[in-house]
Amino acid sequence: MSFKNLDTLYRQVIMDHYKNPRNKGVIEDSDLSINMNNPTCGDRIQLSLKIEDGIVVDAKHEGEGCSISMSSASMMTQAIIGKKVEEALELAKIFSEMMLGKEIDSDLDLGDIEALSGVCKFPARIKCATLAWKAMEKGIREAK
Ligand code: FES
């Protein structure tokens, strides 16, 4: 499926995160390490998080996937570093709502994640965009 219909600026942001991923790698002494794959294509992500005093102090991602999944992982890690765990979960909820095409009204700094808002028009790719977020949510909820 082509993303030609996505807004040009948003497409540029997505491709920038894909080609120059932020927070790529694995945290050796992580507090949480989560592996998750997209059942529709088999692509996978490994997410590692470092949490201190209820704050996400570091987040890294590794894996293979399409431009949407990998750029989303990059944006997600960028958005949650420095946030409280509850805020990271709130961001995951906001992102899910964005994928349903809902308007977003939040005081939280969303970083670049709005660039993925147009993915809601491509239902087959929503699982790509949410992969990293689901991994983050699963890891945090299981650790609680
Ligand atoms: Fe596999 Fe997007 S096609 S994650």
Side-chain angles (χ1 to χ4, degrees), residues 1-51 55-106 108-144:
M1 183 176 295
S2 160
F3 284 91
K4 287 197 185 94
N5 293 334
L6 283 181
D7 178 275
T8 306
L9 175 66
Y10 279 178
R11 218 168 49 223
Q12 284 172 356
V13 175
I14 292 167
M15 289 316 290
D16 178 49
H17 275 271
Y18 180 53
K19 290 181 180 161
N20 309 294
R22 288 28 159 214
N23 308 308
K24 185 99 175 153
V26 176
I27 303 172
E28 294 303 330
D29 60 340
S30 66
D31 296 302
L32 288 174
S33 177
I34 310 105
N35 287 291
M36 190 170 270
N37 71 348
N38 180 346
T40 56
C41 63
D43 289 337
R44 58 160 202 103
I45 183 170
Q46 180 187 358
L47 177 69
S48 46
L49 301 176
K50 186 98 189 132
I51 296 170
I55 296 185
V56 181
V57 293
D58 201 4
K60 290 198 186 300
H61 62 99
E62 263 295 349
E64 291 117 35
C66 63
S67 57
I68 296 295
S69 65
M70 295 293 103
S71 63
S72 185
S74 172
M75 292 176 197
M76 186 274 288
T77 54
Q78 201 176 40
I80 66 169
I81 291 174
K83 298 254 183 355
K84 292 179 190 156
V85 168
E86 288 73 26
E87 290 174 333
L89 290 174
E90 175 69 19
L91 279 175
K93 191 167 151 239
I94 289 169
F95 192 75
S96 290
E97 288 175 354
M98 193 188 285
M99 290 300 103
L100 294 172
K102 293 189 184 164
E103 282 291 317
I104 302 307
D105 179 21
S106 172
L108 285 174
D109 175 14
L110 304 179
D112 287 337
I113 67 175
E114 274 185 288
L116 289 166
S117 57
V119 174
C120 68
K121 297 185 209 125
F122 304 88
R125 306 304 295 278
I126 291 175
K127 281 202 169 86
C128 305
T130 55
L131 182 62
W133 295 86
K134 298 274 179 218
M136 183 264 285
E137 269 188 299
K138 181 172 184 274
I140 290 178
R141 290 199 193 285
E142 283 181 2
K144 274 191 169 181

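This chain uses plain numbering: 1 for the first residue, then up along the sequence. Just follow the structure's listing: the first ligand is 1, and inside any ligand the first atom is 1.
- At least one donor-acceptor pair under 3.5 Å links the side chain of Lys83 to the backbone N or O of Asp109.
- Heavy-atom separations between Leu131 and ligand 1 are all 4.0 Å or longer.
- Here CG of Asn23 is found 10.0 Å from OG of Ser48. Values are rounded to the nearest 0.5 Å.
- Atoms of ligand 1 lying under 4.0 Å from any heavy atom of Asn38, numbered from 1 in the order shown and given with element: 4 (S).
- Among Thr130, Ile81, Leu47, Leu116, the single residue meeting the side-chain contact (heavy atoms from CB on, under 4.5 Å) criterion with Met76 is Leu47.
- Nearest heavy atoms, Ala88 versus Met136: O-CE, 3.2 Å.
- With no hydrogens or angles considered, no side-chain donor-acceptor pair links Trp133 and Ser96 at under 3.5 Å.
- When hydrogens are left out, the protein atom nearest atom 3 (S) of ligand 1 is Asp43 OD2, 3.5 Å; that is the closest non-hydrogen contact.
- Residue-ligand proximity, Cys66 to ligand 1, at heavy-atom distances under 4.0 Å covers atoms 2 (Fe), 3 (S), 4 (S).
- When the options Asp16, Val13, Ile14 are evaluated for a side-chain contact (heavy atoms from CB on, under 4.5 Å) with Asp112, the one that passes is Val13.
- Using a 4.0 Å cutoff on heavy atoms, Gly65 does not count as a contact of ligand 1.
- Note on Cys41: not counted as a metal contact of atom 2 (Fe) of ligand 1, no N/O/S atom lying under 2.8 Å.
- Ligand-side atoms of ligand 1 in range of Ser69: 4 (S), range being under 4.0 angstrom from any heavy atom.
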